[in-house]
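Take a look at the structure below.
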Amino acid sequence: MARRDFDPETVKPDGRVAAKGAVFDAGADGPWRGFLAGEVIGGEITVLAYGNDTPGEGPRLHVHPYDETFVVVEGRARFFVGDEVIEAGAGEAVLGPAGVPHRFENIGQGRLQTIDIHHSPRWIQTDLD
């Protein structure tokens, strides 16, 4: 299916060049594999890689001054976002709105792997527990 959502003539390049940066070391141990701040490559988002193999384990409750989008790459997770509890599996995404405390945990057998997109060129976070 061909898409034509906008007229390319209406968008002018802003002078940035393509850039590359490492998000994580695929051979690293531990749940936090790494992150890439958008400001390093001239982008508007920061990308984190998280994963663990233990049911019930996950990041602590925290909050950001911007939205965060979680993409479940492998496994299943239970997200706690404010008063909402959302279960998501591989191929699904969950939004954590700005200012709403959130956390998630592995609920499957085996690995949970997520890519966490911070809608900010820098990672800014306050842990709440």
Side-chain angles (χ1 to χ4, degrees):
M1 170 176 83
R3 292 184 61 152
R4 187 164 173 82
D5 298 329
F6 72 100
D7 179 356
E9 294 298 318
T10 65
V11 178
K12 301 299 177 213
D14 63 9
R16 292 179 296 156
V17 297
K20 178 178 93 170
V23 175
F24 65 95
D25 175 356
D29 288 329
W32 292 107
R33 298 283 172 92
F35 75 98
L36 176 62
E39 62 192 358
V40 170
I41 59 172
E44 296 293 321
I45 63 168
T46 295
V47 181
L48 282 69
Y50 176 86
N52 78 59
D53 298 299
T54 308
E57 205 171 277
R60 64 193 323 163
L61 185 68
H62 61 278
V63 65
H64 308 284
Y66 49 76
D67 290 348
E68 182 174 10
T69 300
F70 305 93
V71 180
V72 180
V73 177
E74 181 180 350
R76 292 198 54 76
R78 181 175 295 119
F79 291 84
F80 301 88
V81 183
D83 294 332
E84 301 293 322
V85 177
I86 302 168
E87 291 190 7
E92 296 181 307
V94 174
L95 174 68
V100 178
H102 55 271
R103 69 180 183 85
F104 61 90
E105 62 189 21
N106 184 343
I107 60 169
Q109 298 299 316
R111 184 146 191 88
L112 167 65
Q113 186 68 55
T114 65
I115 295 294
D116 307 339
I117 302 165
H118 290 233
H119 297 240
S120 168
R122 290 186 305 120
W123 183 3
I124 305 167
Q125 176 171 309
T126 296
D127 293 334
L128 301 173
D129 64 359

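These figures come from a predicted structure and were not determined experimentally. Numbers for residues simply follow the sequence, beginning at 1. Just so it is clear, the values below take in all heavy atoms, side chains as well, and ignore hydrogens, waters and symmetry mates.
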message: Can you confirm whether or not the ring centre of Phe70 sits under 6.0 Å from the ring centre of His102?
response: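 So the answer is yes for these two rings.
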Does [X] have more than 12 heavy atoms from other residues, nucleotides or ligands lying within 6.0 Å of its [atom1]?
X: Lys12; atom1: NZ; result: yes
X: Arg122; atom1: CZ; result: no
X: Asp83; atom1: CG; result: no

field: Least distance between heavy atoms, Thr69 atom then His119 atom
entry: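 The answer is OG1-NE2, 2.8 Å.
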field: Parallel, tilted or perpendicular, as decided by the 30° and 60° cut-offs, for the rings of His62 and His64
entry: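 Correct class here is perpendicular.
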- request: Can you label the angle between the Trp123 ring and the Phe35 ring as parallel, tilted or perpendicular, going by 30° and 60°?
  value: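 Answer is perpendicular, since the angle exceeds 60°.
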Euclidean distance, [Y] [atom2] relative to [X] [atom1], rounded to 0.5 Å:
X: Gln109; Y: Asp53; atom1: CD; atom2: CG; result: 11.0 Å
X: Leu128; Y: Arg103; atom1: CG; atom2: CZ; result: 11.5 Å
X: Phe79; Y: Glu87; atom1: CZ; atom2: CD; result: 10.5 Å
X: Phe24; Y: Gln113; atom1: CZ; atom2: CD; result: 6.0 Å
X: Asp67; Y: Ile117; atom1: CG; atom2: CD1; result: 11.5 Å
X: Glu68; Y: Ile124; atom1: CD; atom2: CD1; result: 12.0 Å

query: With side chains defined as the heavy atoms from C-beta onward, is the minimum distance between Asn106 and Thr54 less than 4.5 Å?
result: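 Side-chain contact under 4.5 Å: no.
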message: So, applying side chain to side chain contact (heavy atoms under 4.5 Å, CB included) with His118, which one of Leu48, Val47, Ile45 is it?
response: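 With His118 as partner, Leu48, Val47, Ile45 yield a single side chain to side chain contact (heavy atoms under 4.5 Å, CB included), made by Leu48.
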- prompt: If we ignore angles and hydrogens, is there a donor and acceptor under 3.5 Å between the side chains of Thr114 and Asp116?
  reply: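 Short answer, yes.
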